[in-house]
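Just below is one structure, and these are the notes that go with it.
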Amino acid sequence: MSIGKTGRIWIALAVVAGLLAGCGGDEDQGAEGQLSVVTTTSVLSSLTEKVGGDLVAVEPLMGPGVDPHTFELTPGDVRAVADADLVFFNGIGLDDYLMDDVESANDAANIVIVTDGIDLLESEDHEDEAEKDQEEDDHDHGAFDPHVWLDPIRVEMMVDNIADALAGADPDNASIYRNNATAYRETLEETDRQIRALIDEIPEDHRKLVTNHDAFEYFARRYGLEIIGTVIPGTSSEADPSASDIAELTQLIEEENVRAIFAEALIDPKVAESLASDTGVEIVYGLYTGQVGEEGSGAETVDGMLLANAEKISEALR
């Protein structure tokens, strides 16, 4: 008998509930006095570590190398959620599908949507997605593009929301969280200046992007780049391009004299490589979209990830 995704998750919840009951309670996830925070993505984990410092024990459900579009909870994830004081979500359709299961694992945790209040861009593929019958495992982003963390100025509001949530849960240390948030906002503003300087080195008629999937609209709007097209249609990495999609994009690349195709770290580059070969255009690997980099990569923070992307884009398009 086949067990679907929902069945697997409920089995995991039952197993964890049994383990917790059998142990008569567990030690807190973090050290004594630390807030225990679970985040859905490594992007949120990195931001929370910057704001929380040593006062917060942070655990991402999706660490580096995990695509948010295809993730499913494991029993270990459910156990982490069960122990958490706070659970941080990106929202905007990226991780909303996890909400019911997180609430089932820990109905006492304070669930925070870190992107609340951010000015959002509409998702261009929403109308097409709305026409499809959504299967249980589809991760529909809905009406808006969730990739807000690719604009450092929008990230500043995420940082403030994290500081507010930590201060609310731990008022004795509220001033520390707010001071850390202010310091990281300054880092993001400096990152914004560095990125703009890198993009300014690209001739205006070269500022054209073709990427694996539609994740870079916030980045492009911020820095005056034009998204010519994407290999995978839409803001979800799960969609498949049709032959007509590829033919249309091939024509656009040739007509617009696109200089590079950018392949993201989490997405199989096979189709992008074929497209680059057919058009004679350079392919650039390893852009970060749904994750920060591994420890030691230089992209393990949100500011580092954004700067790493900008350096690759600037070098390829100059």
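Treat the numbers as computed from the prediction; the structure is a model and nothing was measured. The figures that follow rest on heavy atoms only: side chains count, while hydrogens, waters and symmetry mates do not.
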### Message
Rounded to the nearest 0.5 Å, what separates atom CG in L249 from atom OG1 in T230?
### Response
7.0 Å
## Note on the structure
Sorted by chain and residue number, the side chain to side chain contact (heavy atoms under 4.5 Å, CB included) partners of E300 (sequence neighbours excluded) come out as E295, S297
### Task
Might you point out which heavy atoms bring A84 and S36 nearest each other, and give the distance in Å?
CA-OG, 3.6 Å
### Message
Less than 3.5 Å apart, any donor N or O on the side chain of D101 or S104 sitting next to an acceptor on the other?
### Response
no
#### Entry: Sidechain-backbone polar pair: T191 side chain, T187 backbone, donor-acceptor under 3.5 Å
yes
#### Entry: Verdict with supporting geometry, Y177 and L35, side chain to side chain contact (heavy atoms under 4.5 Å, CB included)
CA-CA 12 Å; Y177 299 132; L35 281 179; 3.9 Å; yes
### Query
With a 4.5 Å heavy-atom cut-off, do N180 and K50 have their side chains touching?
no
### Query
In terms of side-chain heavy atoms, does T182 have a donor or acceptor partner in N179 at a distance below 3.5 Å?
no
#### Entry: Close side-chain approach of Y218 to L121, heavy-atom, < 4.5 Å
yes
Quiz: residues 277-290 side-chain donor-acceptor pairs under 3.5 angstrom, not counting sequence neighbours:
{"unit_1": "T279", "atom_1": "OG1", "unit_2": "L275", "atom_2": "O", "d": "2.8"}
{"unit_1": "T279", "atom_1": "OG1", "unit_2": "A276", "atom_2": "O", "d": "3.4"}
{"unit_1": "Y285", "atom_1": "OH", "unit_2": "E273", "atom_2": "OE2", "d": "2.6"}
{"unit_1": "T289", "atom_1": "OG1", "unit_2": "E264", "atom_2": "OE1", "d": "3.2"}

#### Entry: Worked verdict on M62 versus T40 for side chain to side chain contact (heavy atoms under 4.5 Å, CB included)
CA-CA 6 Å; M62 312 175 207; T40 57; 4.2 Å; yes
### Query
Which value, rounded to the nearest 0.5 Å, describes the distance between E256 atom CD and I228 atom CD1?
4.0 Å
### Query
Crowded around M99 CE? As in, over 12 foreign heavy atoms under 6.0 Å?
yes
## Note on the structure
In this structure, CD1 of I199 is separated from OH of Y223 (nearest 0.5 Å) by 8.0 Å
### Message
Show every salt bridge (charged side-chain N to carboxylate O under 4.0 Å, His left out) that has at least one partner inside residues 307-318, sequence neighbours left out.
### Response
E201-R318
#### Entry: Those residues that, when tested against R259, pass side chain to side chain contact (heavy atoms under 4.5 Å, CB included) (two or more places apart)
H206, L317
#### Entry: Interatomic spacing from CZ in F262 to CG in N212 - rounded to 0.5 Å
11.5 Å
### Summary
Interatomic distance, CE@M305 vs CD@Q291, rounded to 0.5 Å, equals 8.5 Å
### Message
Working note: L306 + L150, criterion side chain to side chain contact (heavy atoms under 4.5 Å, CB included); need CA distance, chi angles, decisive distance, verdict.
### Response
CA-CA 7 Å; L306 290 169; L150 293 178; 3.9 Å; yes
#### Entry: Between CD on residue Q34 and CG on residue N173, distance to nearest 0.5 Å
11.0 Å
### Task
Can you run down the side-chain hydrogen bond (donor to acceptor under 3.5 Å, both in side chains) pairs that involve residues 157-168, sequence neighbours left out, and say none if there aren't any?
D160-R185, D164-R178
## Note on the structure
In terms of heavy-atom contacts, I202 and I313 come closest through CD1-O, 4.1 Å
### Query
Does a side-chain heavy-atom distance below 4.5 Å link L61 with V87?
no
### Query
So, for A310 and L198, which heavy atoms are closest and what is the spacing to 0.1 Å?
CB-CD1, 3.9 Å
### Considering all heavy atoms, the nearest L47-M158 contact
CD1-CE, 3.9 Å
### Query
Taking C-beta and beyond as the side chain, do S242 and D245 meet within less than 4.5 Å on heavy atoms?
yes
### Task
May I ask you to decide if L188's main-chain N or O and D192's side chain share a donor-acceptor pair within less than 3.5 Å?
no
## Note on the structure
side-chain contact (heavy atoms from CB on, under 4.5 Å) test vs F88 passes for just one of T41, I111, T39, namely T39
### Query
Would you say D95's side chain and N90's backbone share a donor-acceptor pair under 3.5 angstrom?
yes
### Query
Side chains of F89 and V102: does their closest heavy-atom pair fall under 4.5 Å?
yes
### Task
Provide the closest heavy-atom pair for A169 versus L86 in the form atom of the first, atom of the second, distance.
CB-CD1, 4.0 Å
### Task
Decide side chain to side chain contact (heavy atoms under 4.5 Å, CB included) for F71 and L98; before the verdict, give the C-alpha distance in whole Å, the side-chain angles of both, and the deciding distance to 0.1 Å.
CA-CA 9 Å; F71 173 77; L98 296 173; 4.1 Å; yes
### Message
So D145 and I92, do their side chains get closer than 4.5 Å, heavy atoms only?
### Response
no
### Message
Between S42 and V292 (side chain of the first, backbone of the second, donor and acceptor by atom type, cut-off under 3.5 Å), is there such a pair?
### Response
yes
### Query
Is there a donor-acceptor contact under 3.5 Å from the side chain of R207 to the main chain of G224?
no
### Query
Would V302 end up clustered with I153 when hydrophobic side chains under 4.5 Å apart are linked, directly or stepwise?
no
#### Entry: Y184 side chain reached by T301 side chain, heavy atoms, under 4.5 Å
yes
### Sequence neighbours excluded - salt bridge (charged side-chain N to carboxylate O under 4.0 Å, His left out) pairs with any residue from residues 102-119
D119-R154
### Message
Show the nearest heavy-atom pair for residues A105 and V81, with the distance to one decimal.
### Response
CB-CG1, 3.7 Å
### Message
So D303 and E190, do their side chains get closer than 4.5 Å, heavy atoms only?
### Response
no
